[in-house]
S.K.: 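Sending over a structure as structure tokens; questions will come in a sec.
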Amino acid sequence: VDCADRADTLFGVCRGLRVCVPDGTTFLDTVRDFIPNIHVFGVPSAEVGVEYISGRCNVVAGVGFALHDFNLFLESVRPSMNYTLPFGFGKYKFSKITLSIATRDDDPEWTDFVKYVFLSLLSAEEHNITKSNAETIGKTSLFGPSYENMFVNAIGEVGNYKDIYDRDKGQINIARVGMNELNDGSSGLLYAFPFGPLVDSVGTDPDVGSQIDTIKKRGFLRCGTASTNNDVWQGMDTSYCNAAAAGLFDANITSRIMFMNYTTIQEGFKALANNEVDVLGGVPVTMEADVLEPTTGIGYTFSKLYFYGKDKPNQVRGDCVAMATRQDDSQWSSFIYWIVGCTIFAEEYEMTQRRSNELPAVKLFGSEYEDMFRRAISAEGNYAEIYNKNVAATVPREGRNLLNLNPSGPQHFTLGIDLSEKNAVV
């Protein structure tokens, strides 16, 4: 397994590496990207165990839950194999598969609607609300009076997330473990979602007049911050503003960013709505701010969360903080989202500020931004470096602010949408 982790087929015992992979799966191509083809064998899924026991292969590659079941199988046949040493799992993940619902990026209200219906399934499970008591779910006015019972109707029709999973798992044959469970705050939520085949993916240059084009022509990024001295995440917003500026220009950002600090989040939202700033950092994410922020009367798009506050009594969520952009330019919102995301990716793959050149090139925002990840990490470092220099002295890193890997823990999180009381969401 250690040889496979290092993709080593040249030295010592590693020259005998033989990896079996279920045939007809994407894992076969993925493994062959890392390990020479002559060391990789595609075999029918039902025959993987037989091939391993026969000695045709000494490593098996596949999705995590399948390997867990395979390990149980090996333990059951251990006596017949005359093998006494423990079976081991690899340290690294060579691929990730995460499933979601997709919408187009031209209708943010519909995207929010779909997102919060899904999150309501998780929140209903958390509060033991099912089809039988769906009427106890809180109403919402954020999508207008016609949809105030959207959560009641959704849960009343299909139940909560656990109900759906239990009902369908017989068809998909996947035990609910790891990332498919609800996160209770005791384990990490920082997860680097797959980048996809960046080498072959080339996007179009930003349109003339777009947010990215406007910032480039202006020559600097205008970044608002809404953190106060009482906010424990203070400083992380500045680091992520710097990372965004570096991604747009270069790692030397001295003259490439203008900061504007606001004493309240409402003032920050007003500045963002009026196009006085390009992005707003240090924003506690709520459903209300996402869909229909009351001060400005519009919704906003948020980056990946970069700080999770501790839960408060009675299952009340602590502040969950992100960068915010307006919803009128999805390319710019995506740019900010992946700038934050690349810092988590960099930590997971042990790419520090000094090793920023190891980050992948990305051409999805046009050829001019091919080095956006490398420049961002060169300027501010990976997530651990950002956290340590800004927050760790006052808030030790633990719980949801940790990486979720090796082994992966619960990843489902409700963002504090409390549907257990009438009109809890307004």
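Each residue takes its place number in the sequence, starting with 1.
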S.K.: Can a side-chain donor-acceptor contact be found between Arg374 and Asn357 if the only test is distance below 3.5 angstrom?
M.R.: no

S.K.: Can any side-chain N or O of Asn58 pair as donor or acceptor with the backbone N or O of Gly16 at less than 3.5 Å?
M.R.: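 A pair under 3.5 Å: yes.
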
S.K.: Decide if the gap between the ring center of Tyr306 and the ring center of Tyr383 is smaller than 6.0 angstrom.
M.R.: no

S.K.: Using a 4.5 Å cut-off on heavy atoms from C-beta on, say whether the side chain of Val279 contacts that of Cys223.
M.R.: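 A side-chain contact under 4.5 Å exists here.
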
S.K.: Just by distance, with hydrogens left out, do Thr140 and Tyr116 show a side-chain donor and acceptor under 3.5 Å apart?
M.R.: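 Side chains of Thr140 and Tyr116: no pair found under 3.5 Å.
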
S.K.: Do we see a donor-acceptor contact under 3.5 Å between the side chains of Glu288 and Thr286?
M.R.: no

S.K.: If every non-hydrogen atom of Val114 is compared with every non-hydrogen atom of Ile101, which pair is closest and at what distance?
M.R.: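 So the two residues come closest at CG1-CG2, 3.7 Å.
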
S.K.: Does any donor atom in the side chain of Gln211 or Asp278 lie under 3.5 Å from an acceptor atom in the other side chain?
M.R.: yes

S.K.: Is a donor on one side and an acceptor on the other found under 3.5 Å between the side chain of Gln353 and the backbone of Ala379?
M.R.: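 A pair under 3.5 Å: yes.
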
S.K.: Let me check something: any side-chain donor-acceptor pairs from residues 333-340 under 3.5 Å, sequence neighbours excluded? List them with distances.
M.R.:
from, atom 1, to, atom 2, distance (Å)
Ser333, OG, Thr325, OG1, 2.7
Ser333, OG, Arg326, O, 3.3
Ser333, OG, Asp329, O, 3.4
Ser334, OG, Ser330, O, 3.0

S.K.: Measure across Ala243 and Ala376 and return the closest heavy-atom pair with its distance rounded to 0.1 Å.
M.R.: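 Closest approach of Ala243 to Ala376: O-CB, 3.6 Å.
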
S.K.: Could you walk me through whether Phe259 and Cys241 pass side chain to side chain contact (heavy atoms under 4.5 Å, CB included), step by step?
M.R.: CA-CA 9 Å; Phe259 284 101; Cys241 287; 3.5 Å; yes

S.K.: Near Lys115 NZ, under 6.0 Å, is it more than 12 heavy atoms from other residues, nucleotides or ligands?
M.R.: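 Buried by this count: over 12 neighbours within 6.0 Å.
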
S.K.: Quick one: closest heavy-atom pair of Asn404 and Gly188, and the distance?
M.R.: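 Result for this residue pair: CB-O, 3.3 Å.
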
S.K.: Can you tell whether the side chains of Asp213 and Lys217 come within less than 4.0 Å, N to carboxylate O?
M.R.: yes

S.K.: Let's go through Glu380 and Ser239 carefully: what are the C-alpha distance in whole Å and the side-chain angles of both, what is the deciding distance for side-chain hydrogen bond (donor to acceptor under 3.5 Å, both in side chains) to 0.1 Å, and is it a yes or a no?
M.R.: CA-CA 6 Å; Glu380 286 295 320; Ser239 285; 2.9 Å; yes

S.K.: A side-chain contact here means heavy atoms from C-beta on lying under 4.5 Å apart; do Met323 and Phe302 qualify?
M.R.: no

S.K.: Are any non-hydrogen side-chain atoms of Met287 and Leu142 less than 4.5 angstrom apart?
M.R.: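 Yes, close enough: below the 4.5 Å cut-off.
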
S.K.: Hey, is Glu125 close enough to Arg176 for a salt bridge, meaning N to O under 4.0 Å?
M.R.: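 The answer is yes: the pair qualifies as a salt bridge.
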
S.K.: May I ask you to check whether over 12 heavy atoms, not counting those of Arg218, lie within 6.0 Å of atom CZ?
M.R.: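 Counting other residues, nucleotides and ligands, CZ of Arg218 exceeds 12 neighbours.
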
S.K.: Is the distance between the ring centroids of Phe373 and Phe345 under 6.0 Å?
M.R.: no

S.K.: Ignoring hydrogens and geometry beyond distance, is a side-chain donor-acceptor pair present between Thr225 and Asn261 at under 3.5 Å?
M.R.: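 On atom types as modelled, these side chains qualify, holding a pair under 3.5 Å.
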
S.K.: So, Asp207 side chain and Ser210 main chain: donor-acceptor pair closer than 3.5 Å or not?
M.R.: no

S.K.: Any Lys/Arg nitrogen of Glu368 or Lys363 sitting under 4.0 Å from an Asp/Glu carboxylate oxygen of the other?
M.R.: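 Salt bridge flag = no for Lys363 with Glu368.
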
S.K.: Show your working on salt bridge (Lys or Arg N to Asp or Glu O under 4.0 Å) between Arg400 and Asp311 and close with a plain yes or no.
M.R.: CA-CA 10 Å; Arg400 296 187 177 108; Asp311 287 350; 3.0 Å; yes

S.K.: Evaluate the criterion salt bridge (Lys or Arg N to Asp or Glu O under 4.0 Å) for residue pair Arg355 and Glu358; output intermediate values, then yes/no.
M.R.: CA-CA 6 Å; Arg355 297 173 55 191; Glu358 298 178 18; 2.7 Å; yes

S.K.: With side chains defined as the heavy atoms from C-beta onward, is the minimum distance between Glu126 and Leu182 less than 4.5 Å?
M.R.: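 Yes. Closest side-chain heavy atoms under 4.5 Å.
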
S.K.: Just by distance, do the side chain of His39 and the backbone of Arg18 share a donor-acceptor pair under 3.5 Å?
M.R.: no

S.K.: State whether Glu109 and Arg104 are salt-bridged, where the test is any N-O pair (Lys NZ or Arg NE/NH1/NH2 against Asp/Glu carboxylate O) under 4.0 Å.
M.R.: no

S.K.: Do Met236 and Ile386 have side chains that get closer than 4.5 Å, going by heavy atoms?
M.R.: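 Yes, at least one pair of side-chain atoms sits under 4.5 Å.
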
S.K.: Give me the atom names and distance for the closest heavy-atom approach of Thr204 to Gln331.
M.R.: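 Scanning both residues completely, I find the closest heavy atoms to be O-NE2, 3.8 Å.
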
S.K.: Measure from the side-chain N and O atoms of Ser141 to the backbone N and O of Gly144, and report whether any donor-acceptor pair falls under 3.5 Å.
M.R.: no

S.K.: Under a 4.5 Å cut-off applied to non-hydrogen side-chain atoms, are Lys216 and Leu221 in contact?
M.R.: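 Answer no - side chains too far apart.
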
S.K.: When rounded to the nearest 0.5 angstrom, what is the spacing between CG in Asn390 and CD in Glu385?
M.R.: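 Those atoms lie 11.5 Å apart.
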
S.K.: Hey, is the main chain of Asn160 close enough, under 3.5 Å, to the side chain of Asp163 for a donor-acceptor pair?
M.R.: yes

S.K.: For Asp205 and Tyr369, which I'm curious about, is there any donor-acceptor pair between the side chains at under 3.5 Å?
M.R.: no

S.K.: Would you say the side chain of Ile265 lies within less than 4.5 Å of the side chain of Leu280, judging by non-hydrogen atoms?
M.R.: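 Leu280 vs Ile265: side chains touch.
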
S.K.: Within a reach of under 6.0 Å around NZ of Lys304, are more than 12 heavy atoms found that belong to other residues, nucleotides or ligands?
M.R.: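 Enclosed: over 12 neighbouring heavy atoms sit under 6.0 Å from NZ of Lys304.
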
S.K.: Which value, rounded to the nearest 0.5 Å, describes the distance between Leu359 atom CG and Met351 atom CE?
M.R.: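 Answer rounded to 0.5 Å: 6.0 Å.
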
S.K.: Rounded to the nearest 0.5 Å, what's the gap from CZ on Phe307 to CG on Leu190? Could you check?
M.R.: 10.5 Å

S.K.: If every non-hydrogen atom of Val48 is compared with every non-hydrogen atom of Pro22, which pair is closest and at what distance?
M.R.: CG2-CG, 4.3 Å

S.K.: Asp319 and Pro284: which non-hydrogen atoms are nearest, and at how many Å?
M.R.: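 Closest heavy-atom pair between Asp319 and Pro284: OD1-CB, 3.9 Å.
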
S.K.: Is any NZ, NE, NH1 or NH2 atom of the basic residue among Arg15 and Asp8 found under 4.0 Å from an Asp or Glu carboxylate oxygen of the other?
M.R.: no

S.K.: Inspect the surroundings of OH in Tyr147 and state if more than 12 heavy atoms from other residues, nucleotides or ligands are less than 6.0 Å away.
M.R.: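 Open.
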
